[in-house]
Structure formats: C-alpha cells, structure tokens
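All remarks here apply to the structure that follows.
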Amino acid sequence: VSEPSLPGAEAFRTLATRLDPAMAVVTTVEGNERAGCLVGFHAQCSIAPFRYAVWLSKANHTFRVASRADVLAVHFLDRSQIDVATLFGTLSGDDVDKLALCGWDRGPGGVPLVRSCPNRFASRRLVLLDEGSDHACFVLEPMAFEGDGDLVPMRLSDVAHLDAGHEAQERPAPPTERAS
Ligand SMILES: Cc1cc2nc3c(=O)[nH]c(=O)nc-3n(C[C@H](O)[C@H](O)[C@H](O)COP(=O)(O)O)c2cc1C
C-alpha cells in the first residue's frame with residue numbers, strides 16, 4: 001500500500017505480508033514480439049466456467065504486448081526458482097529479450113511456455129479491465145493445465161528483495177515514437 005493516508009494502510013501492509021502470495025510468471029506473444037514478467041497479482045476468479053485473472057502493470061513491456069495478444073500463459077514458480085524469478089522480475093523486455101535467455105517451447109497460438117516451469121497453463125485472453133489504476137486485469141480462459149504435482153510455491157517473501165524492472169508508476173518516455 002503506497003497510500004499512507006488511507007485509513008488502516010499499515011494494518012493492510014501487515015496483513016498482505018502474512019498472506020504472502022504465490023509467485024508466477026506470465027508470458028505472451030503478439031506477432032514476433034514475445035514478453036513475460038513475474039507477478040504476485042493473480043488468482044482463480046471463477047469455478048464454472050473456470051476463469052483466472054492476472055493483473056499486469058501498465059509500466060511493463062509485458063502489459064503492452066498482452067494488451068494486443070490473444071494468448072497468455074501462467075507459470076507457477078517453485079521455491080527453488082529464484083533464477084527464473086530474477087530473470088522475469090528484474091529485467092525488462094524494453095531492454096532485453098528475456099525469452100532468448102531461457103529455454104521455452106511454442107504453446108497454443110505461439111505463446112512461450114518456459115521449459116523449467118512444468119506447473120502452468122496456456123489461456124485465451126477474454127477481457128482486459130482497466131479502471132484507471134496502475135495495473136490492468138486480464139481475465140483468462142485456460143485451455144490446458146500441466147503440472148508435476150510437486151510444487152512448493154515460491155512466495156512473495158522469497159523474492160521481496162528483488163528490484164522490479166519497472167516501478168508501477170513508470171511510463172514509456174517518450175510516450176510515443178512520434179514524440180521522440
Ligand atoms: C516481487 C515482485 C512482484 C511483482 N508483481 C507484479 C505483478 O503482480 N504484476 C506486474 O505486472 N508486475 C509485477 N512485478 C514487476 C515485473 O515483474 C517487473 O517490473 C518486470 O521486470 C517487468 O518486465 P517487462 O517490462 O519485460 O514486462 C513484480 C516484481 C517483483 C520483484
């Protein structure tokens with residue numbers, strides 16, 4: 001919570017630390033442009049039909065590709081995968097092709113499936129909800145789940161020390177190529 005004026009902000013910070021969400025990597029593709037980032041904001045959001053939501057920061061390269069994409073994949077990280085979390089959470093596709101730095105296979109619609117992450121699903125992008133805050137919600141329709149049944153989830157507390165590739169308030173500068 002970066003709004004200290006919000007009543008109870010400190011109590012929420014304490015609560016959020018205790019909830020300690022599991023971490024995931026979201027990947028996507030549009031044309032020849034592939035993208036992926038580390039996320040803590042994600043959850044199942046319907047049972048029947050099955051739906052899953054991820055929230056992507058508008059600062060991120062992954063958000064810009066995902067906003068034009070039809071397919072996204074969600075990979076659940078094992079606690080041992082600090083290298084994968086560091087790759088996808090501290091580097092930006094604005095500077096480097098992260099998929100060139102790890103093994104991946106083409107999933108449905110060409111979405112990159114990260115080889116070292118066996119617990120994952122590819123999905124169709126159904127809607128993008130933007131109510132004007134710094135993250136936008138992508139509601140996903142999973143197509144197929146894969147898993148090795150053996151995940152010890154990576155938690156936010158395992159990676160809270162990482163410096164994100166983009167702060168949530170960042171925006172591309174210049175905002176358009178024409179402006180440069
Ligand atoms: C602990 C942690 C949690 C994060 N959670 C999210 C998240 O829920 N959603 C998001 O879009 N970015 C999140 N990020 C930030 C991105 O993973 C990070 O800025 C990444 O470098 C963006 O890469 P991109 O510009 O290639 O998309 C998180 C980063 C860290 C370190």
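Residue indices begin at 1 and follow the sequence shown. All values reported here derive from a predicted model rather than from experimental measurement.
Between Asp78 and Ser80, the side chains place a donor N or O and an acceptor N or O closer than 3.5 Å (distance only, hydrogens not considered). Under 3.5 Å, the side chains of Ser92 and His61 contain no donor-acceptor pair of N or O atoms.
Residues Leu77 and Val25 are in side-chain contact: their nearest non-hydrogen atoms beyond the backbone lie under 4.5 Å apart. Annotation: side chain of Leu113 is in contact with side chain of His75 (closest heavy-atom distance under 4.5 Å). Under the 4.5 Å side-chain criterion, counting only non-hydrogen atoms from C-beta, His166 is not in contact with Ser57. For the pair Arg106/Val29, no side-chain contact is recorded, criterion being any heavy-atom separation below 4.5 Å from C-beta on.
Proximity of a side-chain donor or acceptor of Trp55 to a complementary backbone N or O of His135 within less than 3.5 Å is not detected. Using a distance-only test at 3.5 Å, with no hydrogens or angles considered, a donor-acceptor pair links the side chain of Thr62 to the main chain of Gly36. Formation of a donor-acceptor pair under 3.5 Å by the Arg51 side chain with backbone atoms of Leu140 is not found in this model. Under the 3.5 Å distance criterion, the side-chain polar atoms of Asn119 are matched with a main-chain donor or acceptor of Asp148. At least one donor-acceptor pair closer than 3.5 Å links the side chain of Asp20 to the backbone N or O of Ser157. Judged purely by atom type and a 3.5 angstrom limit, Arg125 uses its side chain to pair as donor or acceptor with the backbone of Ser67.
More than 12 heavy atoms of other residues, nucleotides or ligands lie within 6.0 Å of CG in Leu19, so this atom counts as buried by the packing criterion. Taking a 6.0 Å sphere around CZ of Arg79, one finds it holds 12 or fewer heavy atoms contributed by other residues, nucleotides or ligands. Around the CG atom of Asp163, the shell of radius 6.0 Å holds no more than 12 heavy atoms that belong to other residues, nucleotides or ligands. Atom CZ of Arg68 is surrounded by more than 12 heavy atoms from other residues, nucleotides or ligands within 6.0 Å.
Using bins of under 30°, 30° to 60° and over 60° for the plane-to-plane angle, the ring pair Phe76/Phe121 lands in the tilted bin.
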inquiry  = Let's go through Val84 and Met154 carefully: what are the C-alpha distance in whole Å and the side-chain angles of both, what is the deciding distance for side-chain contact (heavy atoms from CB on, under 4.5 Å) to 0.1 Å, and is it a yes or a no?
reply    = CA-CA 11 Å; Val84 180; Met154 173 176 284; over 6 Å; no
side-chain contact (heavy atoms from CB on, under 4.5 Å) assessment of His42 paired with Val26 = CA-CA 10 Å; His42 61 101; Val26 173; over 6 Å; no
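Leu126 and Val54 fall into different hydrophobic clusters, defined by Ile, Leu, Val, Met, Phe, Trp and Tyr side-chain heavy atoms under 4.5 Å apart, directly or through other members. No continuous path of hydrophobic side-chain contacts links Tyr52 to Val71 [ILVMFWY only; heavy atoms under 4.5 Å].
Salt bridge status for Asp97 with Arg34: absent, with no side-chain N to carboxylate O gap under 4.0 Å.
Among all heavy-atom pairs drawn from Pro142 and Phe50, the shortest one is CG-CD2, 3.5 Å.
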